[in-house]
> 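Take a look at the following structure, please.
Keep in mind that the numbers below use all heavy atoms, side chains included, and drop hydrogens, waters and symmetry copies.
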Amino acid sequence: DGQLVLEVPVGWQLTVQCANHSTINNSCAVVADAQATAPVDPSWTTPNPQQGLKPGESASFVFAPQAAAEYRIASLVAGSEASGMWLDVKVTTTGKPSVNANG
């Protein structure tokens with residue numbers, strides 16, 4: 001619900017597994033910010049991110065950031081942002097991967 005922060009060092013490769021346990025369509029995509037309507041990279045998303053996965057469907061993709069930056073993993077289906085369907089991703093130059101609750 002938008003309260004997780006994932007930190008990962010540059011050069012790490014993550015496999016994002018997106019499973020839709022909802023009753024409506026949802027997707028997963030690496031995006032720049034809350035106003036994003038498309039993934040940062042066309043390969044950093046589940047298929048058809050604006051349409052999303054149907055309930056019960058799942059898909060995965062590989063996210064391998066090459067520079068320090070801040071992103072989100074979010075659903076790009078209309079209305080998902082307002083529902084908290086995202087988490088923050090911080091790509092760092094050092095450290096180990098971690099997941100923390102923000103708040």
> Scan V31, D33, V40 and name whichever one has a side chain to side chain contact (heavy atoms under 4.5 Å, CB included) with R72.
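Per the side chain to side chain contact (heavy atoms under 4.5 Å, CB included) rule, the option paired with R72 is V31, out of V31, D33, V40.
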> Taking the side chain as every heavy atom from C-beta outward, state whether T15 and F61 have any pair of such atoms under 4.5 Å apart.
no
> Using every non-hydrogen atom in the two residues, find where A29 and P39 come nearest and quote the distance to one decimal.
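That would be CB-CB, 4.1 Å.
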> Say you draw a straight line from CG of L4 to CG of N100; how long is it, rounded to the nearest 0.5 Å?
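One gets 9.0 Å once the value is rounded to the nearest 0.5 Å.
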> Examine distances only and state if a side-chain atom of N25 and a backbone atom of Q51 form a donor-acceptor pair shorter than 3.5 Å.
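Present.
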> Is there a donor-acceptor contact under 3.5 Å from the side chain of S80 to the main chain of V77?
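Pair found, side chain donor or acceptor close to backbone of V77.
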> Once rounded to the nearest 0.5 Å, what's the spacing between atom OG of S22 and atom CE of M85?
6.5 Å
> Can any side-chain N or O of S60 pair as donor or acceptor with the backbone N or O of Q17 at less than 3.5 Å?
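Not at all, since once roles are kept as given, no pair shorter than 3.5 Å links the two residues.
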> Once you round to the nearest 0.5 Å, how far does CH2 of W12 lie from NZ of K96?
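NZ of K96 is found 9.0 Å from CH2 of W12.
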> Is there a donor-acceptor pair under 3.5 Å between the side chain of T45 and the backbone N or O of D41?
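Checked: no pair found.
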> What distance do C18 atom SG and N26 atom CG have between them, rounded to the nearest 0.5 Å?
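C18 SG to N26 CG: 7.5 Å, rounded to 0.5 Å.
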> Which atom pair, heavy atoms only, marks the closest approach of G11 to Q66?
CA-NE2, 4.3 Å
> In the structure I gave you, are the side-chain heavy atoms of D88 and L6 within less than 4.5 Å of one another anywhere?
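With C-beta onward as the side chain, the pair stays apart.
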> Do T92 side-chain atoms and T94 backbone N/O form a donor-acceptor pair below 3.5 Å?
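Yes, because the side chain of T92 sits within donor-acceptor range (under 3.5 Å) of the backbone of T94.
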> So, for V62 and W44, which heavy atoms are closest and what is the spacing to 0.1 Å?
O-CD1, 3.3 Å
> Between N20 and L53 (side chain of the first, backbone of the second, donor and acceptor by atom type, cut-off under 3.5 Å), is there such a pair?
yes
> Do L14 and V8 touch side chain to side chain, with heavy atoms closer than 4.5 Å?
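Yes; the side chains approach each other to less than 4.5 Å.
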> If I take atom CH2 from residue W86 and atom CD from residue Q3, how far apart are they, to the nearest 0.5 angstrom?
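With rounding to 0.5 Å, CH2 (W86) is 8.5 Å from CD (Q3).
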> I'd like to know if the side chain of T46 reaches the main chain of C28, judged simply by a donor and an acceptor atom lying under 3.5 Å from each other, with no hydrogens or angles considered.
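Side chain of T46 to backbone of C28, a donor-acceptor pair under 3.5 Å: yes, one is there.
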> Step by step, would you call L87 with V5 a side-chain contact (heavy atoms from CB on, under 4.5 Å)?
CA-CA 6 Å; L87 67 94; V5 178; over 6 Å; no
> Please find the pair of heavy atoms, one from P47 and one from A59, that lie closest to each other, and give the distance.
CD-CB, 3.8 Å
> OG1/T37 to CG/L76 distance, rounded to the nearest 0.5 angstrom?
7.5 Å
